[in-house]
Amino acid sequence: MTEQEQLQLKQNIEAVYERIEAAAQKAGRKGRDIHLVAASKMNDAERVRAAIQYGIGIAGENRVQELLEKYEQHAYDGAQLHFIGTLQTNKVKYLIGKVSLIQSVSSEKLGAVISKEAQKHGIRQDILLEVNIGKEESKSGLDPENLDKILENICKMPGLRIRGLMAIPPAAQEKGGNLHYFDRMRQLFIDISQKKYDNVSMDFLSMGMSGDFEDAISCGANMVRVGTAIFGLRPYMIK
Ligand SMILES: *Cc1c(COP(=O)(O)O)cnc(C)c1O
């Protein structure tokens with residue numbers, strides 16, 4: 001990285017923390033109660049390490065292969081690592097022991113495989129359930145209507161701890177366009193919190209990205225996943 005790039009990254013991170021603080025205050029909360037996950041896909045180990053040096057405490061990766069390569073290069077040393085992308089069941093085994101939270105559990109079957117692998121390692125794996133809140137065919141995630149039923153099954157699986165919910169709403173066409181989805185997520189989050197399932201503690205509501213994390217925070221998000229506002233545009237976004 002050039003010095004200029006380092007400076008830019010540092011400023012971006014400071015700006016994101018400031019925006020989080022402002023949004024939290026507006027919602028009568030505190031910035032430090034909001035967990036910032038730096039979505040670091042397509043950014044190399046050097047950039048991830050620099051981000052951690054400038055105050056990022058959690059890195060989030062989307063692809064298992066990329067995560068493993070960067071893990072080997074000690075990209076995440078000094079930070080927590082979350083998995084936030086679509087996860088195939090045959091890749092679960094590579095993540096256990098490396099990631100503190102799998103945010104994207106989008107099926108009962110995936111929950112069962114994580115449960116099995118976690119037991120092999122003698123650990124309890126923290127997970128979030130990913131909700132397909134926009135009911136988009138192209139997206140993975142649990143159907144919000146079936147959430148209770150699936151939760152009843154997943155919460156009985158040994159080796160898992162369900163820590164909350166995650167959502168990636170449809171790409172908003174205008175500012176504030178996702179508020180109603182965020183609001184529905186908040187409602188689901190509250191409903192489940194009140195039901196007291198075993199092994200379920202609704203600690204994290206993970207929603208909001210670079211374009212809309214303030215809206216998400218206004219609707220109760222306490223974990224936001226931010227990529228471009230930290231690292232800049234990803235190569236495929238530059239025309
Ligand atoms: C890339 C990504 C983000 C961050 O998106 P930006 O718009 O770059 O902030 C958040 N969540 C997931 C699951 C992602 O893949």
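Both ligands and their constituent atoms are indexed starting at 1 by order of listing. Just so it is clear, the structure is predicted and the values come from calculations on it, not from any experiment.
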Strictly by side chain to side chain donor-acceptor pair (under 3.5 Å), give each pair with a member in [range] just once, sequence neighbours left out.
| range | answer |
| --- | --- |
| residues 27-42 | Ser40-Glu61 |
| residues 80-93 | Gln80-His82, Gln80-Ser100, His82-Gln103, Gln88-Lys91 |
| residues 147-162 | Glu108-Asn153, Asp126-Arg161, Asp148-Lys195, Asp148-Tyr197 |

Can you tell me if [X] and [Y] form a side-chain donor-acceptor pair at under 3.5 Å?
| X | Y | value |
| --- | --- | --- |
| Gln187 | Asp183 | no |
| Ser218 | Glu214 | no |
| Glu69 | Gln65 | yes |

Report summary line: Within the heavy-atom cut-off of under 4.0 Å, ligand 1 is lined by Ala39, Lys41, Asn62, Ile84, Ile168, Met209, Ser210, Arg225, Val226, Gly227, Thr228, Arg234
